J.: 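Just dropping this structure here.
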Amino acid sequence: MTGVITWLRDPNPTSRAQARFGQTYMGFLRLRRNHLAMIGLTISVVLVLMSIFAPALAPYDPIAQNLSDRFIPPLSPGHWLGTDDFGRDIWSRILYGSRITLYIVLLVILTAPVAGLIIGTVAGYFGGWTDRVLMRITDIFLAFPKLILALALVAVLGPGMVNAVLAIALTSWPPYARVARAETLTVRSSDYIAAVRLQGAGPVRIIFGHIMPMCLPSVIIRVTLDMAGVILTAAGLGFLGLGVQPPLPEWGLMVSSGRKFLFEQWWVSTMPGLAIFIVSLGFNLLGDGLRDVLDPRSSGK
Amino acid sequence: MEQTDDIGGNGRIWSLLREFGEAVATLLVTFIGLLAVTFIISRVVPIDPVTALIGERATAQQIATARAELHLDDPMIVQFGRYVWGVLHGDFGTSIKTGRPVIEEIARFFPATLELSTLATILGVLIGVPAGVLAATKPGSIADQFVRLVGLMGYSMPVFWLGLIGLLVFYGTLGWVGGPGRLDAGYDMMMDFDVTQYTGMILLDTALNGRWDMFANALSHIILPAGLLGYLSMAYISRMTRSFMMNELGQEYITTARVKGMPERRVVWVHAMKNALVPLITVIALSYAFLLEGAVLTETIFSWPGLGRYITDALLVADMPAVMGGTIVVGAVYIGLNLVSDLLYKLADPRART
């Protein structure tokens with residue numbers, strides 16, 4: 001273990017991999033000093049573990065109904081978070097629901113930032129009319145209120161998980177395009193790009209091989225900061241009945257199903273809402289800390 | 001890229017005019033883009049407007065007549081032109097559900113949203129700005145950490161859930177506030193007969209009519225949703241205020257002011273604040289615009305008869321003209337607020353004038 005750490009901390013790395021791992025390790029050390037960020041990291045890791053081991057951790061089936069066990073209050077033996085109006089164990093449903101949440105987040109962050117990255121780098125690299133047209137389109141999408149555009153898209157596509165993902169992705173790419181374009185403009189005219197061009201590289205290779213990697217850090221920071229927003233939008237769509245459909249244990253949907261019994265059986269809505277809150281707080285804390293580590297410009301000093 | 005040395009006189013007027021022209025052109029292009037998106041969305045929706053209008057048992061002849069009446073056989077671009085022309089003249093189509101013009105319905109629903117988000121923004125600014133300044137003057141202190149955590153919690157809060165918890169605690173358990181809706185049922189009836197509705201905003205209308213009992217009732221209903229949305233905007237505003245103030249407090253002119261022996265309160269609230277205010281205007285305008293849309297979920301929870309609820313209700317019955325009309329209005333307000341904040345920015349900061 002100490003050998004590994006000495007290798008990581010070596011001020012004169014002998015290979016590119018060693019330098020890169022060393023940098024990552026130093027970054028992690030800086031992140032570790034930030035207690036709030038570590039709490040966020042812990043929450044995120046727990047969420048991933050929960051979703052992976054949901055079948056092993058969940059004491060009950062998340063979907064099977066058991067009407068004789070309706071509305072058991074929390075902290076009862078066997079159901080520590082209580083049961084809902086169909087007698088389903090809320091803890092088991094939250095466990096399985098973490099899979100849906102994570103699945104939506106993954107799909108969105110695999111599509112929207114990529115689209116934004118391509119549009120932003122192309123606009124920034126070519127400039128002129130390409131830039132003007134692409135950025136105008138970006139501005140139009142930015143001018144749309146996000147949730148309402150997502151709602152309108154879902155109305156057209158029909159409710160469901162994949163359509164919700166599509167709607168969220170279609171509304172969340174513009175900020176990435178902005179960020180990527182700004183980064184591209186700063187590196188576009190640097191010497192190394194000119195050198196690559198002199199070697200005969202075409203625009204495609206320059207953009208994908210030499211400009212995009214430079215944009216990645218700022219895009220990644222944005223992604224971690226946006227993850228909470230994606231979770232909240234997905235839950236909001238679910239809450240309105242336009243996202244994931246019952247009987248799937250999506251958290252927003254669970255909050256909405258408990259609305260009818262809010263004043264008598266408060267826990268049915270409260271527990272899944274608490275889960276949404278904790279998870280998005282976790283991502284926000286992590287993103288906030290990561291930005292301080294990865295982006296020296298915003299560290300406040 | 002040409003630089004004119006002629007600072008006063010004609011050159012300046014021309015540059016201002018050109019800037020204004022550019023702003024208007026940008027606004028128009030964005031607005032047309034907004035319309036294009038809503039147009040495309042409403043055309044691909046898998047509901048045939050003809051069937052929706054005349055029913056499924058119409059004859060081929062009737063369908064053809066209806067299609068011709070709705071101009072559905074024209075080329076897409078002509079249809080789009082007609083659509084834009086209609087919207088510019090306030091014609092948003094007719095609601096399928098109620099059969100009334102969408103623009104009339106929006107005019108009825110919009111004041112409720114405006115009232116809610118305005119009150120929320122006022123609350124957000126009143127709490128958020130001082131909190132952000134406090135955090136910036138003592139970075140790393142307990143107060144700073146607290147403001148940061150409360151802000152991050154606001155960012156992470158599912159607003160529909162917080163609304164339900166608020167109702168559960170303050171309405172259901174404590175009984176401190178009014179429940180869903182804008183007024184108690186009894187007052188709701190009176191609203192239409194006893195009160196002259198000048199603005200459609202209940203707090204203003206009841207005050208103008210001198211009905212303070214109704215005013216108090218309306219206040220007890222609005223305070224919870226407005227407080228909730230105010231918290232969200234406070235989270236954003238306090239965080240931005242902190243970062244702008246930190247930026248200003250690190251500048252040399254602040255050190256100069258301190259060295260001169262100026263009281264710290266004056267340094268912070270007059271000197272630094274004056275400069276931090278410039279970007280802050282943009283932030284406040286943006287959060288205001290955000291609240292207009294963020295109200296969608298809140299209005300659902302609190303049965304608030306506003307634009308957000310109008311859109312979601314229309315969505316659930318696939319009333320596309322209503323959905324698109326609402327979307328256009330919210331989008332237009334959004335674009336308008338962006339423009340206003342841009343102009344204010346230029347007014348407040350001489351450096352931003354080109």
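Note that this is a predicted model, so its numbers are computed, not measured. All chains are named by letter (A, B, ...) in the order of the sequence lines, taking the proteins before the strands, and each is independently numbered beginning at 1.
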J.: May I ask you to name which of A:P272, A:P159, A:G273 has the most heavy-atom pairs under 4.5 Å with chain B?
T.: A:G273
J.: Please rank B:G331, B:G326, B:P158 by heavy-atom pairs under 4.5 Å with chain A and give me the top one.
T.: B:P158
J.: Would you say CD of B:E252 has more than 12 non-hydrogen atoms from neighbouring residues, nucleotides or ligands within 6.0 angstrom?
T.: no
J.: Applying side-chain hydrogen bond (donor to acceptor under 3.5 Å, both in side chains), can you list everything that pairs with A:R99, at least two apart in sequence or on another chain?
T.: none
J.: Hey, what do you get for OH (B:Y155) to CG (A:L281), rounding to the nearest 0.5 Å?
T.: 13.0 Å
J.: Ignoring hydrogens, what is the shortest heavy-atom contact between A:S280 and B:S156? Give both atom names and the distance.
T.: OG-O, 2.6 Å
J.: Is it the case that more than 12 heavy atoms not belonging to B:F170 sit under 6.0 Å from its CZ atom?
T.: no
J.: Top residue by heavy-atom pair count (under 4.5 Å) with chain A, among B:L168, B:I335, B:N247?
T.: B:L168
J.: Find the distance between CE (B:M153) and CD1 (A:I278) and round it off to the nearest 0.5 Å.
T.: 10.0 Å
J.: Who in residues 166-176 of chain A is close to chain B, using a strict under-4.5 Å heavy-atom cut-off?
T.: none
J.: Looking at A:F283, A:W266, A:F277, which one has more heavy-atom pairs under 4.5 Å with chain B than the rest?
T.: A:F277
J.: Heavy-atom count check: over 12 atoms from other residues, nucleotides or ligands less than 6.0 Å from B:L174 CG?
T.: yes
J.: Roughly how far apart are A:D288 CG and B:L152 CG, rounded to 0.5 Å?
T.: 5.0 Å
J.: Can a donor-acceptor pair be found between the side chains of A:D139 and B:T30 at a distance below 3.5 Å?
T.: no
J.: Distance from B:T173 atom OG1 to A:F263 atom CZ, nearest 0.5 Å?
T.: 8.0 Å
J.: With a 4.5 Å heavy-atom cut-off (strictly below), which parts of residues 229-244 of chain A touch chain B? List them by number.
T.: A:L232, A:A235, A:G236, A:F239, A:L240, A:L242
J.: How about CZ on A:R33, more than 12 heavy atoms from neighbouring residues, nucleotides or ligands closer than 6.0 Å, or not?
T.: no
J.: Would you please go through residues 251-261 of chain A and name the residues with a non-hydrogen atom below 4.5 Å from one of chain B, in numerical order?
T.: A:G252, A:V255, A:R259
J.: Quick one: which of B:I32, B:V29, B:V333, B:L34 has the most heavy-atom pairs under 4.5 Å with chain A, could you say?
T.: B:L34
J.: Does any non-hydrogen side-chain atom of B:Q145 lie less than 4.5 Å from one of A:L36?
T.: yes
J.: Given heavy-atom pairs under 4.5 angstrom as the criterion, report whether the side chain, backbone, both or neither of A:L151 touches chain B.
T.: both
J.: Using heavy-atom distances under 4.5 Å, tell me whether B:L337 contacts chain A through its side chain, its backbone, both, or neither.
T.: neither
J.: Would you indicate whether the side-chain heavy atoms of B:W161 and A:L274 approach each other to under 4.5 Å?
T.: yes
J.: Would you say that more than 12 heavy atoms from the other residues, nucleotides or ligands in this model lie under 6.0 Å from the OH of B:Y171, or not?
T.: no
J.: Heavy-atom distance under 4.5 Å between the side chains of A:I276 and B:F160, does that happen here?
T.: yes
J.: Measure B:R148 against the heavy atoms of chain A and call it side chain, backbone, both or neither at under 4.5 Å.
T.: side chain
J.: Heavy atoms only, distances under 4.5 angstrom: which of B:T327, B:V323, B:L164 has the most pairs with chain A? Name it, please.
T.: B:L164
